[in-house]
Each structure stands twice: as C-alpha cells, then as structure tokens.
Student: 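One structure follows; several queries about it will come next.
Quick note: numbers below take in every heavy atom, side chains included, and nothing from hydrogens, waters or symmetry partners.
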Amino acid sequence: KHQESMELLRHLAVVLVIAGVFGQDDDELALEKKLCQGKSAGELFRLKGGKDSCRDVIQCTAGGLQAIRCPPSLAFDLEKQTCDWRWAVTNCDKLTKEKKVKPLLVTDEPLCEHENWLACGDGVCIERGLFCNDVPDCKDGSDENACDQDTDPNRAPECDKTICTLPDCFCSEDGTEVPGDLCPENDKCDRVPQMVTITFDDAINNNNIDLYEEIFNKQRRNPNGCDIKATFFVSHKYTNYSAVQEMHRLGHEIAAHSITHRNNETFWTDASVEDWAKEMGGSRLIIEKFGNITDNSVVGLRAPFLRVGGNHQFTMMEEQAFLYDSSITAPLQNPPLWPYTMYFRMPHRCHGNLQNCPTRSHAVWELVMNELDRREDPTYDEELPGCAMIDSCSNIIGGDQFYNFLTHNFYRHFDQNRAPLGLFFHAAWLKNNPEYLDAFLYWVDEVIENHPEVYFVTQTQVIQWIQNPVAVESAKNFAPWQEKCSPGPRESCFTANSCKLDTKELPGEALRMHTCVRCPNKYPWLNDPTGDGITF
C-alpha cells in the first residue's frame, strides 16, 4: 500500500507540474476525477498521512489540481482547513476532512408526519427542539451537523421591529439603522451624536498605568465638560487591582476578559456554559472583590482572542446577568453597523476563520466590532480586508499613516450613519510605538477641538444612549454621560497592599497581587475566585 501511495505521489507531482501547461491525458484526468470525487468545493486534502507530509495538501480547482504547502514550522489542519502551529495540529495521519452526515431539513415532500418534527440524515424523524442542542439524538449524529446561523432549525428569527422596541430590544434588517427617529433616512445624521469608544484589553498594571494617565489626563474633555472615558476589558493574571479601583473611580468602565486568558484558542470556541461561567463570572467576582467595585457596573465582557463561544457563551451571559458582549466582528462595510440585541438574528454573517457565532435568541446586547478600513488611499487603493483590533492592522507602519487611518475611519462613520466608532487597542502597541501614540493623541485632540458632536464614552454609555436616544443639542445634559464627570484627586489607598500569593491551581508559581482590600489567603483562580483557599 505504501508503494502504491508513493507511485501515486510521483505521478501526481507530474500532473501538478504539467496540468496547466500541456493539458492532461486520459489517465491523468481519470486520476484527478478519482481524487476529487466526493470533495466539496475548495476542500483541501492530503495524499499521504504522517508528520513528514503534514505541510502538504491538494485542492481540486477548475484549472486542475493545485498543490499547497504550509510555511516551515506550520502544518495543515484538515478540520480547520488552514495552516496552524505544528503542535496544534492533531490530524496529520488523516487524508481528508471528516465527512459529517447532514439532516434532511429541506425536501420536496415533507418526510415527517408530526408538526415540528424534522428528519435525520437517515430519514428518521425527531422533534425540532432536539436539533443543535449539543446532544446527538439521531443515530447518525446528523442533528448536530447543521447548526450555523443559516441552518440551525431553532435559530433566532429575522428582525421584527413590531416586537423589538426600545429600550430593551434593538434590531434592524441590515444592522445599519440609527436608533430612535433622529435620522430617518439613515444619511446626513447631523442630529446624532458621534460616539467613539476606546477600549483596552488585558491586565492593568505598571506596564501601562502611565500610558493611561497620559491619554486620560483630565485635560481631554467631552463637549459636556466631562473627562473622556474608555472601557477596560481586564484579564486577571498580573493585574494590579488598586489600579483597577482607581480607573473605575475616574469613571472608566471595567469589564471582564477572563481569569486565565488561555492561549488555546479552540478552548474558547468549544467551551461549555460552565467553563464560560467560571472564566467570566469568576473574572467579575475577582474584579469586584479586589478592585473594590460595589456598584454592579461590571456588566460587559470580551472573549480572549475574540474567539466567540457560540450559544454556550451567550447562555452563560443570560444566566450570569451580563448586559453585553463585545467580541463579534462585523466585516468591513459602508455604512457601518450599530450595536444590536441578540433576541433576533445577527444582521451580518459570522465573520472570521472558524468563528462560533451564537444562532439562538439571547437577552444580551452585542456591541459589534466594526472592522476598520486600513487602505492608505481609499479613493484609489484596491479593496483590502478590514481589521478589528488596531494592532492587527498590519499595514500601519508610521505615525502619519496612523493619523490618516484614524481620520478616514472617523469620517466613514461621521458622514454616514454615525454608528459608534470603536478603537480597540492592546496597550503594548501604543506603548512600544511612541510615534503611534503621538499620532493618536494629536487626532483625539483635533477631534475634541473641531467636533462638538463627538463624545468619547464607555461601552455601557453607548447602550444607555441607544436605549434613550437624544439629539446632539441635548447630549450635553444627557445624565448617563455626566456620571463621574470629572473626579478630583484620589483620597484613599495611597499605598496598596502587595500580596505575595500562590495557589494549588498554578503549582510552582508565586504571584504578587496589589489591592486596596485585605490580602486573600491564596491567589484567586478558577476554582477559588475569592482566594479563600477553599476550592469549589
């Protein structure tokens, strides 16, 4: 069999080299037909299994067979259909992606006698509610094999504005509609305040506190006289909770970003409801206890690596009473999208490689991450894919270029439907590139000076405006945007407790945690978020 495989490889190498040049003879066409039989359009597959061949795959195209090789140190993951780190690929011994049997959801004649019953792949009928519930109820497992936002039989319905009304529900057919009646034509929205949301992800500590002090310097103010505000999605490890307490005191929003921030991205995609509850509910508990936040304001979350956890994540959010998620990316489009509630179907496709978007109806807001346009000259440049996190906009290479990028994307929102402009950062990107920071601050100052319609607000303040939209002329007196308007100097906790801690959950690690409250017995972690030393 090995000999046959080697012969096939040698023969195919010739086919791949000459197919597009001289055409193929009958034997080669027959071989190609055999190889491509049963493969879906664009599917990549292997001719030979094993670690040594894990970089190499073949694709059937209209012009013949095409060979593709992953770069060194990477291997091809058949299930993900993309190159990944060698250590992360576990299917090198397989030749093709696993074929999953699909249920018979759309047929010329009904296959099931009972109303609200649907057919498995083998024609056996089961109740509709059993489809896509994470438990295979069909013998062939087909009830769990068609579960995306287009195929889940129990998916959220299309937006219905007769049912979906503010303040608790907001949707529109294509997601671009402005809330309220301030801009009925959705264009030239002069009466709509332009909200800008600056967010930072990951730990708050000595590596970035000075950066935040420089950006939010109490001199930069919104048109209502209040300091500009931002949202911090805080992950637990290495976070200084006395600094979290201070950011919250100054009126910035603190939100959850997980306890562990595990590097295995598929963990977040596949995590159970309980996993998500431990990570995000636990994160909120730690932030509230050790950041001394007692006003129930930790209501939002962002998934690590923006790896959305599908219905499990959003079910957890409902159960744990989170108000909003801000992890779902919308592909670059004009006009951009407004935030929406998840009661109805998302108004855009699930964007990103192997993302697991929710399909069901959930009582949660989505502060969608509109991709930004990263072209240097949008008038002439060819279209490029957008980018959500600013540090993933790989073509930004200088301060002037970054300033132009910010200006272009600002007017893309401002001149169209004034959907909130999200600027999503990791602090290190600005910290390690002083040229970018200078350009950013110059842009912020210019916007504040020239645009009395612009407010730099938190994620929760965006939702508060959508729930009760007010025109630009009334925005100065909009009460939710005046909370913690411009706090004075700190009056307590001048020296935080420096707690040297460990936990059985992280053997061998001694960690230091700063907090204004009493030191816990143990380092807070997944099974002991309060640090009492009692694991659940």
Side-chain angles (χ1 to χ4, degrees), residues 51 54-55 70-92 199-205 207-208 232-240 255-284 286-287 300-310 312-313 316 325-329 351-357 369 387-394 424-432 501-513 523-529:
K51 288 196 171 177
C54 208
R55 286 171 62 194
C70 292
S73 80
L74 300 186
F76 191 83
D77 191 314
L78 287 172
E79 293 307 315
K80 293 181 182 176
Q81 289 284 289
T82 187
C83 296
D84 202 347
W85 300 112
R86 276 184 184 269
W87 57 263
V89 178
T90 57
N91 49 37
C92 287
T199 76
F200 288 94
D201 291 6
D202 302 336
I204 297 178
N205 54 36
N207 293 334
N208 48 42
F232 295 84
F233 292 96
V234 178
S235 54
H236 169 49
K237 206 173 189 185
Y238 310 121
T239 279
N240 177 331
H257 193 48
S258 83
I259 292 178
T260 66
H261 205 293
R262 285 175 219 239
N263 288 329
N264 176 3
E265 294 185 25
T266 54
F267 167 80
W268 304 102
T269 303
D270 302 331
S272 67
V273 175
E274 186 185 2
D275 290 333
W276 277 103
K278 277 189 170 183
E279 287 281 6
M280 296 301 180
S283 168
R284 177 170 59 188
I286 292 170
I287 289 167
L301 66 82
R302 177 168 287 159
F305 309 106
L306 308 185
R307 276 284 163 197
V308 187
H312 287 170
Q313 175 192 333
M316 176 283 295
D325 168 74
S326 185
S327 315
I328 296 179
T329 302
H351 183 54
N353 184 29
L354 287 168
Q355 276 290 32
N356 179 15
C357 293
M369 301 175 74
C387 46
M389 297 297 296
I390 285 185
D391 48 19
S392 70
C393 303
S394 53
F424 311 123
F425 292 98
H426 288 99
W429 190 80
L430 288 172
K431 189 91 176 161
N432 298 339
L501 303 166
D502 60 12
T503 168
K504 287 178 186 172
E505 296 182 69
L506 297 170
E509 288 194 54
L511 294 148
R512 196 165 287 281
M513 187 177 85
Y523 189 69
W525 204 248
L526 276 180
N527 295 314
D528 178 23

Student: Can you see which heavy atom on Val308 is nearest to which on Gln355, and at what distance?
Tutor: N-OE1, 3.2 Å
Student: Nearest 0.5 angstrom please: Asp275 CG to Gln313 CD, how far?
Tutor: 12.0 Å
Student: Quick one: does Phe233's side chain get under 4.5 Å of Ser326's, heavy atoms only?
Tutor: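 A side-chain contact exists here, since the closest heavy-atom pair is under 4.5 Å.
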Student: Within the structure provided, determine whether His257 and Ser283 are in side-chain contact (heavy-atom separation under 4.5 Å).
Tutor: no
Student: Nearest 0.5 Å, what's the CG-CH2 distance between Asn263 and Trp85?
Tutor: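 Spacing of CG (Asn263) from CH2 (Trp85) equals 12.0 Å.
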Student: Could you check whether any side-chain heavy atom of His312 comes within less than 4.5 Å of a side-chain heavy atom of Glu274, counting everything from C-beta outward?
Tutor: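 No; the side chains remain at least 4.5 Å from each other.
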Student: Within a strict 4.5 Å, meaning less than it, do heavy atoms of the Phe425 and Thr199 side chains meet?
Tutor: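 In short, these two side chains do not touch, never coming nearer than 4.5 Å.
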Student: With a 4.0 Å cut-off on N to O distance, would you call Glu279 and Arg284 a salt bridge?
Tutor: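 Here Glu279 does not pair with Arg284 in a salt bridge, since their nearest N and O are not under 4.0 Å apart.
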Student: Using the rule given for side chain to side chain contact (heavy atoms under 4.5 Å, CB included), can you reason through Phe76 versus Val89, listing the C-alpha separation, both sets of side-chain angles and the distance that settles it, and then say yes or no?
Tutor: CA-CA 7 Å; Phe76 191 83; Val89 178; over 6 Å; no
Student: So which atom in Asn205 and which in Asn240 form the shortest heavy-atom distance, rounded to 0.1 Å?
Tutor: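 So the two residues come closest at CA-CB, 4.1 Å.
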Student: Using side-chain heavy atoms (C-beta onward) and a distance below 4.5 Å, is His426 in contact with Met389?
Tutor: yes
Student: Got a salt bridge between Arg302 and Asp201, using NZ or NE/NH1/NH2 to carboxylate O under 4.0 Å?
Tutor: yes
Student: Side-chain contact test, heavy atoms from C-beta onward, threshold under 4.5 Å: evaluate it for Thr260 versus Leu526 and give yes or no.
Tutor: yes
Student: State, yes or no, whether a side-chain contact exists between Trp268 and Trp276 at a heavy-atom distance under 4.5 Å.
Tutor: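 Sidechains of Trp276 and Trp268: in contact.
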Student: Does any donor atom in the side chain of Lys278 or Asn527 lie under 3.5 Å from an acceptor atom in the other side chain?
Tutor: yes
Student: Could you grab the distance from atom CZ of Phe305 to atom OG of Ser258, nearest 0.5 Å is fine?
Tutor: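 Interatomic distance, Phe305 CZ to Ser258 OG, rounded to 0.5 Å: 8.5 Å.
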Student: So that I know where these two stand, are His236 and Tyr523 an aromatic pair - ring centroids less than 6.0 Å apart?
Tutor: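 His236 vs Tyr523: aromatic centres under 6.0 Å.
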Student: For the pair Leu511 and Leu501, evaluate side chain to side chain contact (heavy atoms under 4.5 Å, CB included) and give the outcome as yes or no after the intermediate values.
Tutor: CA-CA 5 Å; Leu511 294 148; Leu501 303 166; 5.5 Å; no
Student: Any side-chain heavy-atom pair from Asp528 and Glu505 closer than 4.5 angstrom?
Tutor: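 Yes, at least one pair of side-chain atoms sits under 4.5 Å.
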Student: Drop me the distance from Ser235's OG to Asp202's CG, to the nearest 0.5 angstrom.
Tutor: 4.5 Å
Student: Taking SG to SG, are Cys70 and Cys54 separated by less than 2.5 Å?
Tutor: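 Between Cys54 and Cys70 there is no disulfide, given that their SG atoms are not under 2.5 Å apart.
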Student: Supply the atom-to-atom distance Thr239 OG1 to Ile286 CD1, rounded to the nearest 0.5 angstrom.
Tutor: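 If I round to the nearest 0.5 Å, the distance is 9.5 Å.
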Student: Quick one: CG on Asp270 to CZ on Arg307, what's the gap to the nearest 0.5 Å?
Tutor: 9.5 Å
